[in-house]
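These notes are about the structure you will find just below.
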There are 2 protein chains.
Amino acid sequence: MKQSKRKALEAAGWVVGSAQDFLGLSDADAALIDLKLALSRSLRDRRQRRGVSQVELAKRLRSSQSRVAKMEAGDPSVSMDLLVSSLLVLGASGADLAKAIRGERSKGRHAAA
Amino acid sequence: MKQSKRKALEAAGWVVGSAQDFLGLSDADAALIDLKLALSRSLRDRRQRRGVSQVELAKRLRSSQSRVAKMEAGDPSVSMDLLVSSLLVLGASGADLAKAIRGERSKGRHAAA
DNA sequence: TGACTATATGTCGGATGTGGCATAGTGTCA
DNA sequence: TGACACTATGCCACATCCGACATATAGTCA
């Protein structure tokens, strides 16, 4: 499952934007990663736009500044739950989330049925 | 943070559809739960529509039937990562996810900035 | 009736995400 | 220059989530 892929990605150091099948990732795995990166970008965006510091956001989340930094860095150790929680705490609506998701690096096809 | 709320919800037995502030949940907490329930419903929907059994889906996910059942039951022990992964494995696109998310029980307002 | 399939629910050891802390880097202002 | 705010990165103990398994229930077909 995905945790092994995670390790590999950490080791490989991420490369850049989107969909790496240069490792053995399935389409779904790659899509999930892209999704999280999209949320990650959206988070930094929203936070900065609102003039909130990482420390302040961490306080609202009852979390820590280092976690927030990792979230925005797209660190694989951050869950989607935490990312979405953060966006919600920053006042994002369902529609906002949907927009962020759809704004993901949509490199053509996604998963196979 | 949320894990304590989770416990409380499990104990209280969920009630029904949407947004319980009958416990001390913050808006963001409640919104996250609603979101996951929306994904949960969407998953069952998509799986059944495709005529895939829980066992079959579990196999594709390299997971187990019990996990899939819990996902669809909205069990609090299931992460958003797993829910989204499952949808992706069933061929959902970013747009599909966005639609599922926006289709959440949108009971008016969400979080405070 | 029994055999079979699909789903639900509970438990458990182990994998992984988490908060907290330390520390380093960067920019700004005086 | 120093003091301060903000952010990045590494580490670790602990909480949570995971897959696996056992078991129960419900439906179908013969």
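In what follows, every heavy atom counts, from backbone to side chain, and hydrogens, waters and symmetry copies are set aside. First the proteins, then the strands, lettered A, B, ... as listed; each starts at 1.
At whole-Å resolution of the value, CD in A/Gln48 and P in D/dC6 are 13 Å apart. Look at NZ on A/Lys36: it is 10 Å from C1' on C/dG17, rounded to the nearest Å. To the nearest angstrom, P of C/dT7 lies 7 Å from CD of B/Glu72. To the nearest angstrom, P of C/dG20 lies 12 Å from CE of A/Met71. In this structure, A/Leu43 atom CG and D/dT7 atom C1' are separated by 14 Å, rounded to whole Å. With rounding to whole Å, B/Leu57 atom CG is found 13 Å from C/dA6 atom P. For the pair A/Arg67 CZ and D/dT9 P, the computed distance is 13 Å after rounding to whole Å.
Looking at B/Asp45 and B/Ser42, their side chains never bring a donor and an acceptor atom within 3.5 Å of each other.
Each of B/Gln48, B/Arg67, B/Glu72 was scored for a side-chain hydrogen bond (donor to acceptor under 3.5 Å, both in side chains) with B/Gln54, with one residue passing: B/Glu72.
Residues A/Gln65 and B/Ser53 both approach DNA chain C. Their nearest nucleotides, taken by heavy-atom distance, put B/Ser53 toward the 5′ side.
Checked against D/dA8, D/dA22, C/dC21, the side chain of A/Gln54 finds its nearest nucleotide in D/dA8. Listed nucleotides C/dT7, C/dG20, D/dA8 differ in distance to A/Ala69; the shortest reach to its side chain belongs to D/dA8. When the nucleotides C/dG17, C/dT9, D/dC17 are ranked by their closest atom to the side chain of B/Ser79, D/dC17 comes out on top.
Distance CG/A/Asp34 to CG/A/Leu39: 11.0 Å, rounded to 0.5 Å.
Looking at B/Ser85, its side chain does come within 3.5 Å of a backbone N or O of B/Asp81 through a donor-acceptor pair.
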